[in-house]
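Values below: every heavy atom of this structure, side chains too, minus hydrogens, waters and symmetry copies. Letters A, B, ... mirror the listed sequences (proteins, then strands); counts begin at 1.
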There are 2 protein chains.
Amino acid sequence: MASDPSADATEPSSGDASDRVYAELLARISEGQFAAGERLYEQALAQDLGVSRTPVRDALKRLAAEGLVDTTPNKGAQVVSFTAEDTVALYDLRAQFEPVACRLAVPRLSEDDLAELEDLDARMQAIVAGGQDPAELTRLNNRFHAIFVERCGNRHLSIALQALFRPAVVTRTFRQYSPRSLERSMQAHQQLVEAARAGDGEWAESVMRSHILSTRHATGHQGDAEDVETLTE
Amino acid sequence: MASDPSADATEPSSGDASDRVYAELLARISEGQFAAGERLYEQALAQDLGVSRTPVRDALKRLAAEGLVDTTPNKGAQVVSFTAEDTVALYDLRAQFEPVACRLAVPRLSEDDLAELEDLDARMQAIVAGGQDPAELTRLNNRFHAIFVERCGNRHLSIALQALFRPAVVTRTFRQYSPRSLERSMQAHQQLVEAARAGDGEWAESVMRSHILSTRHATGHQGDAEDVETLTE
DNA sequence: CTGAGGATCGTTGCATGCAATCTGACAGAT
DNA sequence: ATCTGTCAGATTGCATGCAACGATCCTCAG
């Protein structure tokens with residue numbers, strides 16, 4: 001009788017409210033919709049997302065535990081802000097650790113995982129060719145890298161790496177990459193797919209390391225005047 | 001005037017209720033007061049700790065994000081349980097990563113940090129000599145290792161390593177070490193203090209790696225009939 | 001005696017209310 | 001004019017109430 005599903009058309013399928021809020025905030029932060037250091041008000045977010053403050057609080061706590069927001073006792077949460085040194089250090093660490101996870105993951109990838117990697121690769125290439133929608137590109141790229149981390153075979157390594165990986169994603173949003181770096185990244189992705197398909201963990205590890213190191217270097221070009229309107233790695 | 005700290009003698013310094021609950025649960029899990037896989041009921045913990053369910057929920061969410069408890073959607077939280085393989089893998093990863101943090105941390109240690117390390121070392125030796133209070137030994141040891149992780153100079157590396165470090169602490173609680181391993185660990189701690197005092201990060205890194213690897217090996221002796229009533233690394 | 005179905009209980013998840021704390025501005029004094 | 005003290009608004013943290021989901025036990029049919 002009173003159940004009117006037309007009003008709440010906000011994807012009721014995917015899990016509980018708390019998880020939805022978390023996923024939404026993670027996406028917004030990753031896509032740079034929040035400025036660095038911007039304060040996140042619980043009630044405002046709650047109204048915006050159509051829930052109460054409780055699930056918002058849960059999501060913010062979770063993000064804080066993962067190092068994506070800073071919280072101070074009675075002041076609330078604000079998006080992390082990085083110094084240039086932080087960013088460099090983060091990429092160094094990621095270059096050290098993520099390839100290890102990649103090597104561990106490749107032999108464990110299922111057919112579905114491989115198919116998803118190929119699909120993501122294809123969609124990213126399509127976006128680059130069209131030169132549009134950098135936010136979607138960021139999202140796809142995050143997912144691409146996340147697959148390796150998630151499948152590394154050890155849940156705690158996965159959690160640990162995500163603590164390094166996600167903040168790096170955030171910093172990356174502020175950087176813009178030259179078309180050449182972009183092209184090189186796309187080739188690295190292709191090679192990663194091939195290595196994964198071949199089940200060659202060492203190959204994939206090597207490619208991933210080169211991939212990350214090359215993107216680190218690419219961050220030095222932010223002052224350049226090239227037509228850098230798309231951003232990803 | 002009017003400031004009378006005598007009434008609230010429950011360590012008013014350390015943050016709010018939520019933080020206290022978190023610290024308490026972390027300590028209990030680390031000390032093995034909860035069995036592996038034991039379910040943690042919000043209301044029971046709330047009553048036990050004298051707070052409402054809200055801060056308990058917050059603490060459990062935080063522990064879940066760090067991988068110390070498992071949560072299932074409408075079933076709540078339970079303490080993580082590890083397979084033997086998990087434990088081995090965790091020690092491998094820790095042996096790879098924690099020494100790196102140690103090397104980074106040593107040049108950054110303050111005089112207070114060094115003094116605390118020496119103090120912790122002395123107290124652990126006293127406990128070993130007396131052969132008493134393994135729980136306190138565990139606590140001191142955790143703090144000893146945590147100092148290096150916290151001072152590694154990169155907040156996100158710190159978070160990432162704690163994700164590997166804390167679960168290892170949990171698994172360690174179930175293991176009992178022979179007196180010889182114990183003695184070796186104490187010597188490693190002494191050497192770490194020396195290296196830290198000397199500001200030699202590489203030395204400390206090497207000692208830390210040996211230290212962790214030796215404890216990993218020590219876990220194979222759990223069937224032995226030696227008088228292993230104390231436990232630490 | 002065994003298996004299936006249903007009902008009751010317990011627990012979690014979300015919403016809301018209240019108190020404590022922090023932020024900001026205004027008024028007054030030096 | 002600048003600085004300080006006070007006050008008002010706003011926001012967070014905690015406590016509690018309600019609904020939904022899951023688990024367990026009992027009953028009943030085969």
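Summarising the local packing, CD of A:E111 is surrounded by more than 12 heavy atoms from other residues, nucleotides or ligands at distances under 6.0 Å.
Of the two residues contacting DNA chain C, namely B:K75 and B:T54, the nearest-nucleotide position lying further toward the 5' end is that of B:K75. Across the interface with DNA chain C, nearest-nucleotide mapping of A:R39 and B:G76 shows B:G76 to be the residue nearer the 5′ end.
There is no side-chain donor-acceptor pair under 3.5 Å between A:T138 and A:N141. With hydrogens and angles left out, the side-chain atoms of B:Y41 and B:Q47 include no donor and acceptor closer than 3.5 Å.
The distance between atom CD of A:E42 and atom P of D:dA10, rounded to the nearest whole Å, is 16 Å. Protein atom OH of B:Y22 is 17 Å distant from nucleotide atom P of D:dG13, rounded to whole Å. One can place CZ of A:R57 at 15 Å from P of D:dT11, the figure rounded to the nearest angstrom. To the nearest angstrom, P of D:dT12 lies 14 Å from CG of B:D16. Distance B:D19 CG to D:dG13 P: 9 Å, rounded to the nearest Å.
Within 4.0 Å (heavy atoms only), B:L40 reaches sugar-phosphate atoms of the nucleic acid but no base atom.
Looking at B:R28 and B:E24, a side-chain N of the basic residue comes within less than 4.0 Å of a carboxylate O on the acidic one, giving a salt bridge. In summary, B:R108 and B:D113 do not engage in a salt bridge, as defined by a charged side-chain N under 4.0 Å from a carboxylate O. Taking the charged nitrogens against the carboxylate oxygens, B:R123 and B:D119 do have a contact shorter than 4.0 Å, which makes a salt bridge. Here B:R155 pairs with A:D70 in a salt bridge; the nearest charged N to carboxylate O distance falls below 4.0 Å.
Between B:H189 and B:H211, the ring-plane angle classifies as perpendicular under the 30° and 60° cut-offs.
Of the residues in residues 61-74 of chain B, those placing a heavy atom less than 4.0 Å from an atom of DNA chain D are B:N74, in numerical order.
Summarising the geometry, atom CD belonging to A:Q33 is positioned 10.0 Å from atom CG belonging to A:L25; distances are rounded to the nearest 0.5 Å.
First and last contacting nucleotides of DNA chain C toward chain B (any atom under 4.0 angstrom from a heavy atom, 5' to 3' order): C:dT11 to C:dG13.
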